Amino acid sequence: MRLDQLQLELRPRPNAQALDLGMALLRVDGVQVYLAFLALWLPLLLLAAAAIFVFPDYGGFAPLVVWWLRPLLERAPLYVLSRNVFGEKISWRQAVRAWPSLLRGGWFRLLTWWRFFLPNRGLYQPIWLLEGLRGKAAADRRRIIGRDGGQAAYWFGLACAHFELILQLGFIAFIGFFLSEEHAINPFAFFWDIDNNANTLWNNLSLLICYGVAVAIIAPMYTACCFTLYLNRRATLEAWDVELMLRQLTPPPSSATPSSAIVAGLLPLFLLGMLLHSPASHGNESALACEKPDYLVAQQGQRSEAHNETQQQLREQLDAVYQHEDLLGYRCVQTWVLKNQEKKKKKSKEKIDAPDLSALAAFLKVLLIALGIGLLAWLLYRYREYMPRWFIPERRFVATEVSGMDIRPESLPDDICAEVNRLWAAGQQRAALALLYRATISRLVNEYHVRIGRGATEQDCVRYAERAATQQQISADCLRLCKEVTTHWLNGAYGQRWLHSETLVALLHRWQQQFEPASAELGS
């Protein structure tokens with residue numbers, strides 16, 4: 001690998017910076033990368049669209065098929081990126097021509113059990129494509145590469161999948177605005193009309209196009225960012241930055257000049273001086289000055305005598321190697337310590353003669369646990385209405401008073417409509433509408449078991465009725481009647497706007513049919 005020709009400033013970076021490096025790489029070579037992907041992606045979409053027309057009954061599988069084959073298509077933009085990184089300019093035509101030869105290695109894994117569960121596949125594509133590893137070697141390589149970058153690639157793949165979904169939904173909504181009916185509010189309503197066979201064909205085709213456009217935007221980004229994650233991982237593992245620096249320091253032998261020869265001769269002396277004055281060497285000297293920790297002495301134990309001179313020499317060589325700071329097993333560090341620290345500790349220990357508070361601690365422990373349990377119990381009781389029905393059995397709620405009005409059935413006259421007519425004829429319009437509104441709320445609570453709170457206002461009662469209608473607890477006609485009664489009551493009580501007598505008669509007739517069907521039948 002020609003690291004000296006790398007076009008990137010490659011060094012170990014955090015994964016977030018590695019992903020950002022992928023976006024920067026895509027901005028430089030984006031045209032060829034996108035064209036290399038679209039040159040394969042668009043024909044696949046056209047084939048899927050043709051399959052929708054030929055097999056309209058199976059048109060829903062077309063997006064699934066193109067989604068399934070997508071990992072193989074990502075190798076073309078990866079090929080462009082991998083060559084451009086080392087200064088070799090590859091056009092999208094060259095990438096497309098080379099694409100069939102790029103399919104070897106990992107294709108079966110990518111199209112089977114990896115397809116559903118590993119969104120970080122982009123991190124491992126270079127192992128097959130660039131390193132050419134197969135079998136156990138590839139598995140070991142994936143394990144090493146994924147040890148640090150696998151999780152980042154996984155979450156980045158999930159994020160890209162969500163971006164694709166958001167773009168797809170946006171495109172679908174945009175199409176739905178034009179294809180839905182004139183007064184339709186929901187732009188997705190057109191796509192839900194699956195009973196219409198004419199719409200099914202165009203629905204499948206629209207979904208395929210929307211998915212294709214979303215993938216065409218996101219897929220090259222995903223490939224580029226996963227590729228830079230791979231490069232970053234290799235740079236960290238193989239110290240590419242150090243290798244690049246050494247290559248820059250060491251001149252090529254063929255171009256050696258008298259001055260460069262002098263530099264080459266002085267370079268070993270310079271490196272030797274750096275080693276002698278390096279912190280490691282100081283650390284080694286300081287380590288030699290330290291005594292070996294007791295746990296290490298106990299762990300190593302006593303060494304038996306050497307059997308022969310060769311073994312003794314080998315032991316001496318090993319001991320010399322293990323004298324290095326990195327292999328000692330402990331580190332000797334020189335730090336600043338207060339002179340009389342130990343004396344102060346002893347004095348402080350002598351002064352402290354605290355009583356035994358274990359009993360108090362145990363009591364506080366029990367008290368805190370009891371308070372915690374009590375708080376939890378209170379919270380469960382306080383918010384019991386929000387608990388699932390299976391957790392707390394539903395208790396029938398029957399209100400007897402709403403906004404100061406008595407809604408008990410026994411507080412109402414036997415013939416409500418007759419009493420309302422009598423009050424209306426006597427000029428007591430407010431009392432008549434109040435009785436009708438109160439009787440309506442009473443019927444909702446006592447006959448239909450609508451949950452209405454004691455302090456509920458008129459608008460609250462309407463909202464409770466709407467919720468009951470949504471849950472099919474009351475009918476739509478009943479809800480409409482409740483709203484009309486409430487509206488007439490509010491207009492009369494707060495605005496002195498009374499309804500006409502004919503309207504009241506019609507309203508009472510409907511009210512009688514809705515809430516007193518037995519009386520209505522007798523009256524008819």
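Fair warning: this is a prediction, and the values are worked out from it, not measured in the lab. In this chain, residues are counted from 1 in sequence order.
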Derivation and outcome, side chain to side chain contact (heavy atoms under 4.5 Å, CB included), residues L436 and L507: CA-CA 10 Å; L436 184 60; L507 183 65; 3.9 Å; yes

Pairs satisfying ring-ring contact (aromatic ring centres under 6.0 Å, His included), at least one member in residues 141-168, at least two apart: none

Q496 atom CD, over 12 foreign heavy atoms within 6.0 Å: yes

Backbone N/O of L237 and side chain of D148: donor-acceptor pair under 3.5 Å: no

Nearest-0.5 Å distance, CG of residue D20 to SG of residue C225: 8.0 Å

Any side-chain heavy-atom pair of N84 and V28 under 4.5 Å: no

Partner residues of A24 under the side chain to side chain contact (heavy atoms under 4.5 Å, CB included) criterion, sequence neighbours left out: R27

Y124 side chain near L118 side chain, heavy-atom distance below 4.5 Å: no

R147: partners by side chain to side chain contact (heavy atoms under 4.5 Å, CB included), with sequence neighbours left out: R143, I144, R233

Heavy atoms of other groups near F363 CZ, more than 12 under 6.0 Å: no

Set of residues satisfying ring pair (Phe, Tyr, Trp, His ring centres under 6.0 Å) with respect to F37, sequence neighbours excluded: W41

Distance, nearest 0.5 Å, that separates OH of Y211 from CG of L207: 12.0 Å

Nearest-0.5 Å distance that lies between atom CZ in F515 and atom SG in C482: 4.0 Å

Note, R121 side chain near R115 side chain (heavy atom, < 4.5 Å): yes

Test item: R83 and Q32 side chains (from C-beta on) under 4.5 Å apart, heavy atoms: no

Residue pair Y448 / S475, side-chain heavy-atom distance below 4.5 Å: no

Close side-chain approach of E458 to V462, heavy-atom, < 4.5 Å: no

Exam field: side chain D460 to backbone T457, donor-acceptor pair closer than 3.5 Å: yes

Straight-line distance of Q459 CD to L490 CG, nearest 0.5 Å: 6.0 Å

Distance (rounded to the nearest 0.5 Å) between L35 CG and D29 CG: 12.0 Å

Side-chain donor/acceptor of Y34 to backbone N/O of P220, under 3.5 Å: no

Short side-chain to backbone donor-acceptor contact, Y222 and P119, under 3.5 Å: yes

Listed partners of W128 passing ring pair (Phe, Tyr, Trp, His ring centres under 6.0 Å), at least two apart: W114

All side chain to side chain donor-acceptor pair (under 3.5 Å) counterparts of T440, not counting sequence neighbours: W511

Per-pair distances, 0.1 Å, donor-acceptor, side chain in residues 52-73, under 3.5 Å, sequence neighbours excluded:
{"unit_1": "W68", "atom_1": "NE1", "unit_2": "L111", "atom_2": "O", "d": "2.7"}
{"unit_1": "R70", "atom_1": "NE", "unit_2": "E74", "atom_2": "OE2", "d": "3.1"}
{"unit_1": "R70", "atom_1": "NH1", "unit_2": "E164", "atom_2": "OE1", "d": "3.1"}
{"unit_1": "R70", "atom_1": "NH1", "unit_2": "E164", "atom_2": "OE2", "d": "2.8"}
{"unit_1": "R70", "atom_1": "NH2", "unit_2": "E164", "atom_2": "OE2", "d": "2.8"}

Q17, CD: over 12 other non-hydrogen atoms inside 6.0 angstrom: yes

Residue pairs, two or more places apart or on separate chains, that pass salt bridge (charged side-chain N to carboxylate O under 4.0 Å, His left out) and touch residues 471-494: E466-K483, D477-R480, E484-R510

Nearest heavy atoms of L479 and A469, plus distance in Å: CD2-CB, 3.7 Å

Euclidean distance, L47 CG relative to L42 CG, rounded to 0.5 Å: 11.0 Å

Intermediate values then yes/no, side chain to side chain contact (heavy atoms under 4.5 Å, CB included), V213 and L167: CA-CA 8 Å; V213 174; L167 288 176; over 6 Å; no

Short side-chain to backbone donor-acceptor contact, N232 and T228, under 3.5 Å: no

V33 vs L81 side-chain heavy atoms within contact, under 4.5 Å: yes

For L78 against P126, the heavy-atom pair lying closest together: CD2-N, 4.0 Å

Atom of C461, atom of Y437 and distance for their closest heavy-atom approach: SG-OH, 3.8 Å

L205 to A49 - nearest heavy-atom pair and separation: CD1-CB, 3.7 Å

A161: side chain to side chain contact (heavy atoms under 4.5 Å, CB included) partners, not counting sequence neighbours: none

Any side-chain donor near an acceptor of the partner, Y79 and R75, under 3.5 Å: no

All side chain to side chain contact (heavy atoms under 4.5 Å, CB included) counterparts of L412, not counting sequence neighbours: I416, L435, R438, A439, S442, R443

N203 and S206 side chains, donor-acceptor separation under 3.5 Å: no

Verdict with reasoning, D415 to E419, per side chain to side chain contact (heavy atoms under 4.5 Å, CB included): CA-CA 6 Å; D415 192 348; E419 184 64 19; over 6 Å; no

By side chain to side chain donor-acceptor pair (under 3.5 Å) - contacts of R134 (at least two apart): none

Residues in ring pair (Phe, Tyr, Trp, His ring centres under 6.0 Å) contact with W92, at least two apart in sequence or another chain: none

Distance-minimising heavy-atom pair for V80 and A95: CG2-CB, 3.5 Å

Within-4.5 Å side-chain heavy-atom neighbours: Q125 and L110: yes

Minimum heavy-atom distance between S82 and F227, given as atom pair plus value: CA-CZ, 3.6 Å

Intermediate values then yes/no, side chain to side chain contact (heavy atoms under 4.5 Å, CB included), L499 and L433: CA-CA 10 Å; L499 68 165; L433 290 180; 3.8 Å; yes

